[in-house]
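Numbered from 1 within each chain, the chains take letters A, B, ... in sequence-line order.
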Amino acid sequence: MARPPQGPDYTKQEAVINWPEEVPPWTQPPSQPDPTYSRGLREADVGAAPGSEAAGGGPMTKLAQWLWGLALLGCTWAALATGALGLELPPSCREVLWPLPAYLLVAAGCYALGTVGYRVDTFHDCEDAARELQSQIREARADLARRGLRF
Amino acid sequence: MASEEASGGSRRSRREPEGRVPRQDKYSVLLPTYNERENLPLIVWLLVRSFSESGINYEIIIIDDGSPDGTRDVAEQLERIYGSDTILLRPREKKLGLGTAYIHGMKHATGNYIIIMDADLSHHPKFIPEFIRKQKEGNFDIVSGTRYKGNGGVYGWDLKRKIISRGANFITQILLRPGASDLTGSFRLYRKEVLQKLIENCVSKGYVFQMEMIVRARQLNYTIGEVPISFVDRVYGESKLGGNEIVSFLKGLLTLFATT
């Protein structure tokens with residue numbers, strides 16, 4: 001069943017009135033510029049993006065999750081910093097806002113170096129385990145030789 | 001044997017209705033080997049002792065990939081000493097991948113759990129009872145040994161190796177958020193059907209293979225428990241971490257990052 005290509009045909013008024021409820025919008029031919037259709041699609045896309053795995057939607061790769069997150073942060077920052085939202089931020093706020101990405105990058109780098117450094121420093125040296133293993137190896141060799149193993 | 005007596009006892013003590021649970025848990029250890037003539041008898045001896053002390057039903061499957069150093073001969077001697085129901089030899093003609101070694105070994109495994117470990121003595125069998133306890137505690141699909149948590153650690157690594165290891169682990173955690181702290185380790189316990197499913201889904205090799213197993217496990221919603229282990233780097237034989245390994249690790253990491 002195809003939608004009539006022109007405007008409402010008054011000879012079939014009933015069908016025209018009922019039509020939008022009977023047929024879901026996504027079954028409409030895409031050639032029809034329908035504002036509800038395209039808005040619905042965009043909302044569904046955005047809504048599915050951040051937690052699509054948890055929501056049981058299509059799997060999203062880790063790369064895509066990162067890109068989404070960065071895009072979201074980037075857009076927020078750009079909108080605030082350029083004043084695109086029409087918000088009048090106090091000048092002191094703007095001064096902080098402009099170099100914020102650079103600050104965050106440096107902070108992330110420091111966090112990474114600090115964390116890795118701390119973990120390297122606290123990495124356990126299992127001296128005891130090595131000693132225990134050496135004595136068990138001697139024990140094993142003696143026992144296996146007694147059982148007739150030729151090494 | 002002591003192990004049989006003890007396992008019979010634990011079966012009675014669980015008081016399960018006759019016939020409803022026909023099979024007791026059995027653990028199949030897969031030992032892929034290549035030139036491990038020195039280490040194989042020792043690891044088998046340690047495994048047998050650890051299992052019999054804790055009364056666990058087990059078998060050891062040795063998958064030797066045609067080692068030229070006579071590993072197979074030693075394995076046959078071990079089979080004679082410990083019996084062919086405890087030591088199963090399932091050799092292959094030549095060196096093939098680790099994933100296929102696991103598939104090959106699993107075909108012959110009669111246990112409902114599979115334990116994977118290195119045969120070079122870097123993984124100590126004393127941790128296996130802890131793995132089993134952990135698995136029962138949380139009814140986990142996978143229990144992974146970890147060098148990076150709790151009392152876990154390493155022996156025989158210099159500062160450079162530690163930095164590379166910690167750095168690689170940090171980047172991996174940030175990028176993949178895998179839900180397990182040690183991705184490149186290979187001392188793990190799996191439910192048999194879970195391991196089968198994971199191997200079907202994994203495509204990579206080497207270090208990345210172990211990493212991909214955990215990442216896929218996450219995707220398939222399997223649960224993962226962790227037990228801290230001490231990793232004693234190869235006592236006999238060479239252990240290398242060259243530039244090639246680092247490059248292939250990074251490639252694998254980025255591939256997983258972009259595709260999972």
Got a sec: does the CZ of B:R72 have more than 12 other heavy atoms crowding it under 6.0 Å?
-> no
Mind running side chain to side chain contact (heavy atoms under 4.5 Å, CB included) on A:L144 and B:L78 for me, showing each step along the way?
-> CA-CA 9 Å; A:L144 285 164; B:L78 289 166; 4.1 Å; yes
Atom pair CD (A:Q136) and CG (B:L121), whose distance is rounded to the nearest 0.5 Å | 10.0 Å
Derivation and outcome, side chain to side chain contact (heavy atoms under 4.5 Å, CB included), residues A:K62 and B:L175 = CA-CA 7 Å; A:K62 287 286 183 280; B:L175 292 186; over 6 Å; no
If you take all heavy atoms of B:F257 and A:T61, which pair is closest and at what distance?
-> O-CB, 4.1 Å
Would you sort out whether A:R147 and B:Y82 count as a side chain to side chain contact (heavy atoms under 4.5 Å, CB included), showing the intermediate values?
-> CA-CA 10 Å; A:R147 289 167 186 253; B:Y82 290 109; 3.8 Å; yes
Give me the one residue out of A:R138, A:R141, A:E139 that meets side chain to side chain contact (heavy atoms under 4.5 Å, CB included) with B:L42.
-> A:R141
Identify whether NZ of Lys or CZ of Arg in A:R119 sits under 6.0 Å from the centre of the six-membered ring of B:Y148 and within 45° of that ring's axis.
-> no
Which heavy-atom pair separates B:I163 from A:V120 by the least distance, and what is that distance?
-> CA-CG2, 3.7 Å
Chain B contacts, top residue of A:L113, A:D128, A:V116 (heavy-atom pairs, under 4.5 Å) | A:V116
Are any non-hydrogen side-chain atoms of B:L254 and A:L63 less than 4.5 angstrom apart?
-> no
Tightest non-hydrogen contact, residues B:P41 and A:L149, listed as CB-CD2, 3.6 Å
Intermediate values then yes/no, side chain to side chain contact (heavy atoms under 4.5 Å, CB included), A:H124 and B:R147 = CA-CA 9 Å; A:H124 287 287; B:R147 296 161 286 182; over 6 Å; no
A:A112 versus chain B, heavy atoms under 4.5 Å apart: side chain, backbone, both or neither?
-> both
Is chain A contacted by the side chain of B:T259, its backbone, both, or neither, given a heavy-atom distance below 4.5 Å?
-> backbone
Do you know which two heavy atoms are closest between B:G153 and A:C126, and how far apart they sit?
-> C-SG, 3.4 Å
Under a 4.5 Å heavy-atom cut-off, does chain A meet the side chain of B:I174, its backbone, both or neither?
-> both
Chain A interface, residue from B:I81, B:L40, B:V154 that has the most non-hydrogen pairs under 4.5 Å | B:V154
Starting at CZ of B:R166, measure out to OH of A:Y118 and round the result to the nearest 0.5 Å.
-> 9.5 Å
May I ask you to check whether over 12 heavy atoms, not counting those of B:Y155, lie within 6.0 Å of atom OH?
-> no
Closest contact, heavy atoms only, A:R150 versus B:Q77 | N-OE1, 2.8 Å
Given B:G156, B:G152, B:G167, the one with more heavy-atom pairs under 4.5 angstrom with chain A than any other is B:G152
Hey, can you tell me if B:W157 and A:F123 have their rings parallel, tilted or perpendicular (30° and 60° cut-offs)?
-> perpendicular
Look at A:D125 together with B:K162 and state whether they make a salt bridge at an N to O cut-off of under 4.0 Å.
-> yes
